[in-house]
2 protein chains.
Amino acid sequence: MISREGGIACYQQLSGILHKQIEEGEFRPGKQLPTETELSRRYKLNRHTIRQAIGRLQSEGLVYTIKGKGTFVANSKISYKVSRKTRFTTSVLDVGLSPDARLLDSYEISAGSELSRKLNIKSSDKVVVLEILRFVNKIPFCHTTSFLSSDRFPDIQAHIKGSFSLYELLKKHYGIEAMRASSSFEVSLPESSDMDMLQISSKVPVLIVKSTSKNSKGDIVEYCITRFRGDLCSITVNFNGEGR
Amino acid sequence: MISREGGIACYQQLSGILHKQIEEGEFRPGKQLPTETELSRRYKLNRHTIRQAIGRLQSEGLVYTIKGKGTFVANSKISYKVSRKTRFTTSVLDVGLSPDARLLDSYEISAGSELSRKLNIKSSDKVVVLEILRFVNKIPFCHTTSFLSSDRFPDIQAHIKGSFSLYELLKKHYGIEAMRASSSFEVSLPESSDMDMLQISSKVPVLIVKSTSKNSKGDIVEYCITRFRGDLCSITVNFNGEGR
DNA sequence: TCCCTTAAGTTGTCTAAACATCTGGACATG
DNA sequence: CATGTCCAGATGTTTAGACAACTTAAGGGA
């Protein structure tokens, strides 16, 4: 089964084999893979080598492991849509899943050079920071850090408590309809805070989306950084203005 | 330096330390990190543990390693822009870098169920597949697989040879102006073909963008899958129709 | 001078072994 | 019946050592 001559590393061969078996439905979503010791026996490889192979499958989002229990086949990715107008709550409801959110923290800081550029304000101006953890079907899905000018949104910290959606809040209390102006996409491995909040291992990449929103006149309303679980989502962007 | 009691794994502590040192400019881009054996001595950790820490930095795109030479600090990410109208060549020129492309392969297949849905054609229809490798400053940057209906673009395989940009070709030969309609973003670890073509190790994630382009009447022109080096790029999407 | 060999240094892969930490069930105790 | 304890089995981390593959530079022979 595993060739030692081909010049291809054993762990790469094994992860390829398991990848194929999962793809072909040999192991169904939710089902447990053979244990590391079992795979070690079956393929005549050291457990350490087995772990390298499984580590790759984890990073690909194909499987997840629970310490003390085992390794399981993951479900397929959630297709998450973004456009100028769509937001988290509507996007998740659209695909028939149940969204939820929790405000982790809110505080005020001085803008500094980078944020002042992003928000187009003075670097001495105050900025409200909102940290929100969002769930899909009770599973942590993404973590958003929002930055808004304190001057333009006075008392927003008081209003946000108990509110579901930040965008509804902006609309109702301040009469502003925020629309996504640009988003940048990056990839990284999780920092330890990501691992805690999103409940993932160090091998699952995170998709980092940095977005700027503007109001109808073109003024910058919000800058936010969202970190998605890479194993759970595929993000779709629609380029036709109205979006869906 | 490294605590054995805190409950935080040594390799995580070390990757945190190195991450900070790089961020603070202790190691400049392009400069070599201490060798694994040197770090092993310095932090009193096994070389295997050192490698786990460096593996994380690789996945974060902070460093890259060359077998037999060493580990080096990576340059900052290229900001790659996409919108309805921007394309690879213009986007790279915009940031002052030099783009290049090479046609790896072109062939014809039957659409099948998935492609027929993506291109809105019959599943028995023929589809032209173009595989293109793109470079920035001579460095492999992304790999694109394009699918186009053979019926709508006869002889495209003959025309593509020697042509720089697929989109100019569509415009000149077929009078069609292709515009990006939607793109989806996913994360994964590289397959072995990615590792070969993009010249990356197994620890560097790839950013997978699947795009559909339409003509001015709204007919689907092209479906393509592009796999970017996650350590090299951040992709920015502009939601205002005209884009830049 | 030019080319080849050699050796040292570096990263890549694999094995072996030990201990830590977590899960789940069996079992004893109240 | 409820609870706590213990143990087997699973994954997580770390160490030690070996060899392979690659890079670079030094040295030797034509």
Side-chain angles (χ1 to χ4, degrees), chain A residues 1-16 18 31-59 63-74 189-190 192 195-196 199-204, chain B residues 1-16 18 27 30-59 63-74 189-190 192 195-196 199-204:
Chain A
M1 284 238 175
I2 301 284
S3 154
R4 305 256 171 182
E5 278 77 33
I8 301 171
C10 298
Y11 76 93
Q12 283 186 21
Q13 293 181 51
L14 179 58
S15 76
L18 294 173
K31 211 188 148 196
Q32 184 173 3
L33 246 56
T35 66
E36 294 177 352
T37 35
E38 168 58 27
L39 287 171
S40 178
R41 259 199 308 279
R42 192 179 302 178
Y43 290 97
K44 306 256 184 287
L45 290 171
N46 188 277
R47 189 178 145 231
H48 198 60
T49 309
I50 303 289
R51 283 176 62 75
Q52 278 186 75
I54 292 180
R56 293 214 44 183
L57 298 179
Q58 281 178 46
S59 301
V63 303
Y64 60 95
T65 68
I66 303 175
K67 189 199 264 195
K69 287 189 70 175
T71 302
F72 303 86
V73 179
L189 271 226
S192 55
M195 290 162 58
D196 283 351
Q199 292 175 27
I200 52 178
S201 82
S202 62
K203 299 192 187 67
V204 177
Chain B
M1 281 239 176
I2 302 283
S3 154
R4 305 256 170 180
E5 279 76 32
I8 302 171
C10 297
Y11 77 91
Q12 284 185 22
Q13 294 181 49
L14 179 57
S15 76
L18 294 174
F27 301 111
K31 209 188 151 196
Q32 184 173 4
L33 244 57
T35 66
E36 294 176 353
T37 35
E38 168 58 26
L39 287 171
S40 178
R41 260 199 307 277
R42 193 179 300 178
Y43 289 98
K44 305 257 184 289
L45 290 171
N46 186 277
R47 189 179 145 228
H48 197 61
T49 309
I50 304 289
R51 283 176 62 75
Q52 280 186 75
I54 291 180
R56 293 215 43 180
L57 299 178
Q58 280 179 46
S59 301
V63 303
Y64 60 95
T65 68
I66 302 175
K67 188 198 269 194
K69 287 189 70 174
T71 302
F72 304 84
V73 179
L189 272 226
S192 55
M195 289 162 58
D196 282 352
Q199 292 176 26
I200 51 179
S201 81
S202 63
K203 299 191 187 67
V204 176

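Residue numbers begin at 1 in each chain, while the letters A, B, ... track the order of the sequences.
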pair A:Leu14-A:Thr49: side-chain heavy atoms closer than 4.5 Å:
no
To the side chain of B:Lys67, which of D:dC22, D:dT11, D:dT14 is closest?
D:dC22
Among C:dT13, D:dT15, C:dA16, which nucleotide sits nearest the side chain of A:Asn46?
C:dA16
Between A:Tyr64 (OH) and D:dA10 (P), how many Å, whole number?
17 Å
Counting the atoms with a prime plus P, OP1 and OP2 as sugar-phosphate, which does B:Thr71 contact under 4.0 Å by heavy atoms, base, sugar-phosphate, or nothing?
sugar-phosphate
Quick one: which of C:dT13, C:dT10, D:dT15 gets closest to the side chain of B:Thr35?
C:dT10
Closest-nucleotide ordering on DNA chain C, the 5'-leading residue of B:His48 and B:Gly68:
B:Gly68
Taking 4.0 Å as the cut-off, does a side-chain nitrogen or oxygen of A:Arg4 come that near to OP1 or OP2 on D:dC19?
no
With a 4.0 Å limit, can you tell me whether B:Tyr11 has a side-chain N or O closer than that to the phosphate oxygens OP1/OP2 of D:dT13?
yes
Testing C:dT13, C:dT11, D:dT14 for proximity to the side chain of B:Thr65, the answer is C:dT11
Specify the separation, in whole Å, of atom CD of B:Gln12 and atom C1' of D:dG12.
10 Å
Please state whether the phosphate of C:dG24, meaning OP1 or OP2, lies under 4.0 angstrom from any side-chain nitrogen or oxygen of A:Lys69.
yes
Starting from P on C:dT11, measure out to CD on B:Gln199 and report it in whole angstrom.
19 Å
Minimum-distance nucleotide (side-chain atoms of B:Arg51 versus D:dG12, C:dG12, C:dT15)
C:dG12
How about B:Gln12 and A:Ser202: does a side-chain donor come under 3.5 Å of a side-chain acceptor?
no
Judged by nearest nucleotide, the residue sitting upstream toward the 5' end of DNA chain C, B:Ser201 or A:Lys44, is B:Ser201
Between A:Arg47 (CZ) and C:dC19 (P), how many Å, whole number?
15 Å
